[in-house]
Amino acid sequence: MDPNETVLVGCIGGSGLYHLDNLTFVKKLHIKTPWGEPSSPITISKLPSGALIAFISRHGPAHTITPTEVPGRANIAALKHIGVQAIVAFSAVGSLREEIAPGDFVMPSQIIDRTKGIREDTFFRGEGVVVHSMFGDPFSNKLIDLIAPLVENVLEGKERAPKLHTGKTVVCMEGPAFSTRAESTMYRQWGGDIINMSVIPEAKLAREAEIDYALICTSTDYDAWRVGEAPVTVEEVIKTLHTNAEYARLVAEGLLQQVHDAVAGGKLDEIKGCMRFACVTRKDVQPEEARKKFSYILPYFD
Ligand SMILES: CSC[C@H]1O[C@H](OP(=O)(O)O)[C@H](O)[C@@H]1O
Ligand SMILES: Nc1ncnc2[nH]cnc12
């Protein structure tokens, strides 16, 4: 990328959100990272101010990639490599709470990981270098605080008046099958508020790459916990998904400029630098190959 054209903000679209066609198209980047190729070419678009935004479609533009197979490491590495410092990701989720109605928006602040250990969830495995990231607060709280009122602004006055819920817990399951009624009930008892199949490993990898990461969820269904109601089907999800995606596009349009400005002004200083002391392996035994690979995403291995 031309250094005058730095892209500070990335956006990852989930089910139903395969492009941001309300922004001005600039170009598509076909990037190969040390962890393979991203889910889709990266679309670079321009905001009216000229600020550039990078967009990746998590499941591919035609939704060909299952949640388990999303190349999370390539997606995050590619975004970091072109300069992205903050990611606003979107996800379609099931609701585990009566008050989170289909059509509502949710920005979670916590995650319960129910994936099965079959996803590549770290850049630091099998390389001879041991690194532990901190993940107690899995999202960037500063980014959430910045975005939440902007999301509310966009949703205000919209048809159906979707609500925005914050401070919630998202359960991430493996899929692709939806949960059983027993699992859905158990997640509620655990304190889960919404459920999806994609926030892990995306959030972990963003943290390892020192990228501020926030998730904007659109609720599509009540999963399988409601007694006397049919459990969720894809048909039901898709029905709500289309309106949700339209709103998600407006939401993205309504907040990306402020996120860009916050990054450019150094206002999101929570995550940058968090990996500086995360490596426990003595430097003199770190394999050269591994250091080269990691330098693709972090300056400490240069
Ligand atoms: C299409 S229903 C299940 C699917 O939808 C969500 O995808 P995304 O998070 O990418 O919007 C959920 O996580 C599942 O992958
Ligand atoms: N009920 C559900 N479970 C998991 N992922 C979902 N995405 C949308 N609805 C979902």
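This chain uses plain numbering: 1 for the first residue, then up along the sequence. Bear in mind the structure is a predicted one, so any value in this text is a computation, not a measurement. Read the numbers this way: they start at 1 and go in the same order the structure lists the ligands and their atoms.
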S.K.: Taking all non-hydrogen atoms of both residues into account, name the closest pair between Pro138 and Ala203 and its distance.
M.R.: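 The pair with the smallest heavy-atom distance is O-CB, 4.2 Å.
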S.K.: List for me each residue that meets side-chain hydrogen bond (donor to acceptor under 3.5 Å, both in side chains) alongside His165, sequence neighbours excluded, and say none if there are none.
M.R.: Asp104
S.K.: Between Val232 and ligand 2, which part of the residue brings a heavy atom under 4.0 Å of the ligand: side chain, backbone, both or neither?
M.R.: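 Contact part for Val232 vs ligand 2: side chain (C-beta onward).
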S.K.: With sequence neighbours excluded, what pairs up with Lys80 under the salt bridge (Lys or Arg N to Asp or Glu O under 4.0 Å) test?
M.R.: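 Once residues adjacent in sequence are excluded, Lys80 has no partner under the salt bridge (Lys or Arg N to Asp or Glu O under 4.0 Å) criterion.
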S.K.: Within the 4.0 Å heavy-atom shell around Gly94, which atoms of ligand 2 are there?
M.R.: 1 (N), 2 (C), 6 (C), 8 (C), 9 (N), 10 (C)
S.K.: Parallel, tilted or perpendicular for Phe294 and Phe301, by the 30°/60° rule?
M.R.: perpendicular
S.K.: Can you tell me which residues line ligand 1 if we count any heavy atom under 4.0 angstrom from one of its atoms, in chain and number order?
M.R.: Gly14, Ser15, Arg58, His59, Pro67, Ser91, Ala92, Phe178, Asn196, Met197, Ser198, Val237
S.K.: Tell me, please, which residues at least two apart from Arg207 pass salt bridge (Lys or Arg N to Asp or Glu O under 4.0 Å).
M.R.: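 Arg207: no salt bridge (Lys or Arg N to Asp or Glu O under 4.0 Å) contacts found.
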S.K.: Look at atom 9 (N) of ligand 2 and say which protein heavy atom is nearest, naming residue and atom and giving the distance to 0.1 Å.
M.R.: Asp221 OD1, 2.7 Å
S.K.: What protein heavy atom sits nearest atom 7 (N) of ligand 2, and how far away is it?
M.R.: Ala92 O, 3.0 Å
S.K.: Which label fits Trp35 and Tyr296: parallel for a plane angle under 30°, tilted from 30 to 60°, or perpendicular past 60°?
M.R.: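 Correct class here is perpendicular.
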S.K.: I'd like to know if Asp284 and Arg282 make a salt bridge, using a cut-off of under 4.0 Å between side-chain N and carboxylate O.
M.R.: yes
S.K.: If you measure from atom 1 (N) of ligand 2 to every heavy atom of Val171, Asn196, Asp223, which option wins on shortest distance?
M.R.: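 Nearest heavy atom to atom 1 (N) of ligand 2 lies in Asp223.
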S.K.: Can you give me the closest heavy-atom contact between Gly192 and Ile112, atom names plus distance?
M.R.: N-CD1, 4.4 Å
S.K.: Looking only at heavy atoms, which two atoms of Leu143 and Ile87 are closest? And how far apart?
M.R.: CD2-O, 3.7 Å
S.K.: Taking distance alone, with no angle check, do Phe178 and ligand 2 share an N/O pair under 3.5 Å?
M.R.: no
S.K.: Taking only heavy atoms of Met173, which atoms of ligand 2 are found under 4.0 Å from at least one of them?
M.R.: 4 (C)
S.K.: For ligand 2, which atoms, with element, lie under 4.0 Å from some heavy atom of Ile195?
M.R.: 1 (N), 2 (C), 3 (N), 4 (C), 5 (N), 6 (C), 10 (C)
S.K.: Would you mind running through ligand 2 and noting each atom that sits below 4.0 Å from a heavy atom of Thr220?
M.R.: 8 (C), 9 (N)
S.K.: Report yes if the side chains of Asp113 and Lys204 come closer than 4.5 Å at any heavy-atom pair, otherwise no.
M.R.: yes
